[in-house]
Structure formats: structure tokens, C-alpha cells
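Right, one structure below, let's go through it.
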Amino acid sequence: TGRLTPSNGKIKNVLSANEVLSNFKSTWEEAVFEDLKCHHRRYDAIKLRTKFGPVPWLTHKIRACHVALFRLRSDSNKLQGCVGSWSPDNVTDCVNGCPAKEDAKHVLVECPVYSTQRLQLSTLFYKLNQHFSTPSILGLDPDIPSSSQLLIRDALCKFLKDSNLLGRI
């Protein structure tokens, strides 16, 4: 709304309370978002984001899949590599007998025990002409189109169910 000031006869535009709050909110969101991107080196999912809000391929309607996806991306899961790192006495080796550390990369890409269940997921990557790597599988590759990301997410959830990893992550 404009107001006429008695001293100079000019109209001075004053922002309403809603406009002031809106400006403050957008400035605050940008500052918090940049702070998250700069100070959370561990979370690649944050670094790749351009704005707040849900990204469809980083979520899932089935809660168990949604939680597993988040835990895999944040590297805060129940796999031996993560649990074993909490205490120096814990073992981080794969529970399937592999000599490798059991982490997201190992179970999603390397572990021979899950090769049969992984076949559909790796075939999808081949059809989409994408590199089969942990960041790509977890939806952290910004070069993969969103329509492909959704297919990958669904194939990953199927892999986690078929390999009985869903409850272990």
C-alpha cells in the first residue's frame, strides 16, 4: 500500500507483513540450504539439490523402501560396514563370507551372493545406457533423466526385497 508523507508529498510504498515475512522466509531458506550444502560433506543427496522439497526418485510410497533408500544414501544403515565402524571391536566384513567390508557399494554392486537378484537392476542400467555405480543406483547422479531415475528406484526396491536386504538396512 502507498502512503503519502506530509514532508515531501511523495508516495512511499510500504510492504505488508505478509510480504516482509515472504521475503524473510525466502532469504532464510536460501541461507539454510547453502549451509547444508557446504557443511554436510557426507550427504551427496544434499549437495546435488537445487531447491528444497521432495525429489520423486529419492522417496518411495512404501515406507520400508523409503527408509532403506534414505539409509543407503546417508551411509547410516545396519550393514556391517556401518555398524562395525561404531566400535573398534566390531567386525565390518560381509555377513555372506566375502572378505570385503559390507557397505552400500558392496551389497549393491559387488557381493556375488546377490548377483542373481541384481541381474534385473544391472540389465535396466544397460538398457538405459547408464553406468552401473553406487551413486547412480541411489539416485545421486544428476545426469540421469528423472524418468529413468524412477525406473531405477523401483528396480532397486525390488532388488532389496528379493535379496532380503530390506530388513537389514
Side-chain angles (χ1 to χ4, degrees), residues 1-87 90 102-109 121 124-125 127-161 163 165-169:
T1 61
R3 294 190 180 165
L4 188 62
T5 58
S7 61
N8 59 9
K10 293 184 179 179
I11 294 177
K12 179 181 176 187
N13 286 326
V14 178
L15 297 176
S16 69
N18 286 339
E19 291 169 324
V20 170
L21 286 174
S22 178
N23 287 343
F24 175 76
K25 182 181 174 187
S26 66
T27 304
W28 176 81
E29 278 182 351
E30 289 171 12
V32 168
F33 190 62
E34 288 305 314
D35 183 57
L36 283 172
K37 288 172 76 171
C38 292
H39 294 97
H40 291 277
R41 286 175 245 123
R42 194 170 163 195
Y43 302 118
D44 290 332
I46 294 173
K47 293 177 187 175
L48 298 173
R49 303 287 301 272
T50 57
K51 62 181 180 176
F52 279 120
V55 177
W57 60 87
L58 297 181
T59 61
H60 199 278
K61 63 183 177 183
I62 298 171
R63 178 153 173 77
C65 288
H66 179 80
V67 170
L69 292 173
F70 177 79
R71 286 180 177 171
L72 286 169
R73 281 191 305 272
S74 66
D75 197 29
S76 181
N77 50 57
K78 299 178 203 170
L79 297 173
Q80 288 297 327
C82 184
V83 174
S85 67
W86 298 340
S87 170
N90 291 341
E102 186 187 46
D103 57 4
K105 179 182 179 188
H106 179 71
V107 297
L108 295 177
V109 179
L121 185 61
L124 176 63
F125 271 84
K127 287 179 182 175
L128 296 172
N129 197 24
Q130 297 295 333
H131 180 65
F132 191 69
S133 66
T134 308
S136 298
I137 295 169
L138 295 176
L140 302 177
D141 186 347
D143 297 328
I144 299 177
S146 59
S147 58
S148 298
Q149 293 277 21
L150 293 169
L151 295 172
I152 293 168
R153 178 208 58 194
D154 293 340
L156 173 58
C157 288
K158 183 175 180 354
F159 164 74
L160 294 173
K161 287 178 196 172
S163 59
L165 282 168
L166 202 56
R168 289 195 49 231
I169 294 177

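As the structure is a prediction and not an experimental result, all values here were calculated from the model.
Expressed to the nearest 0.5 Å, how far CG of L69 lies from CG of N77 amounts to 12.0 Å. Rounding to the nearest 0.5 Å places CD1 of I62 at 11.5 Å from CG of L160. Distance check, rounded to the nearest 0.5 Å: CG of D75 to NZ of K105 gives 12.5 Å. Taken from NZ in K158 to CZ in R153, the straight-line distance is 15.0 Å, to the nearest 0.5 Å.
Here the side chains of F159 and L165 are in contact, with some heavy-atom distance below 4.5 Å. Side-chain contact between L128 and I152: present, with at least one pair of heavy atoms (C-beta onward) separated by less than 4.5 Å. When side chains are defined from C-beta on, H131 does not count as touching I137, because their heavy atoms never get closer than 4.5 Å. Residues C65 and L166 form a side-chain contact, since some pair of their non-hydrogen atoms from C-beta on lies under 4.5 Å apart. Counting only heavy atoms from C-beta outward, the side chains of L72 and T134 never approach each other to under 4.5 Å.
Among all heavy-atom pairs drawn from F132 and L121, the shortest one is CE1-CG, 3.9 Å. Across every non-hydrogen atom of S133 and V109, the tightest pair is C-CG2, 4.4 Å. The minimum heavy-atom distance between D141 and S136, with the atom names listed, is OD2-OG, 3.4 Å. Scanning all heavy atoms of the two residues, the minimum distance from G139 to Q149 falls at CA-OE1, 3.4 Å. Closest of all the heavy-atom pairs between L138 and R73 is O-CD, 3.4 Å.
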- Apply side-chain contact (heavy atoms from CB on, under 4.5 Å) to H66 and K61, showing your working. CA-CA 7 Å; H66 179 80; K61 63 183 177 183; over 6 Å; no

Apply the test salt bridge (charged side-chain N to carboxylate O under 4.0 Å, His left out) to residues R168 and E102: give CA-CA distance (whole Å), side-chain angles for both, the deciding distance (0.1 Å), then the verdict.
CA-CA 12 Å; R168 289 195 49 231; E102 186 187 46; 2.7 Å; yes

Using side-chain contact (heavy atoms from CB on, under 4.5 Å), reason through S148 and Q130 one step at a time and then give a plain yes or no.
CA-CA 10 Å; S148 298; Q130 297 295 333; 5.7 Å; no

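When atom types are taken as modelled, the side chain of R71 and the backbone of I169 share a donor-acceptor pair closer than 3.5 angstrom. With hydrogens and angles disregarded, no donor-acceptor distance shorter than 3.5 Å links the side chain of S22 to the backbone of N18.
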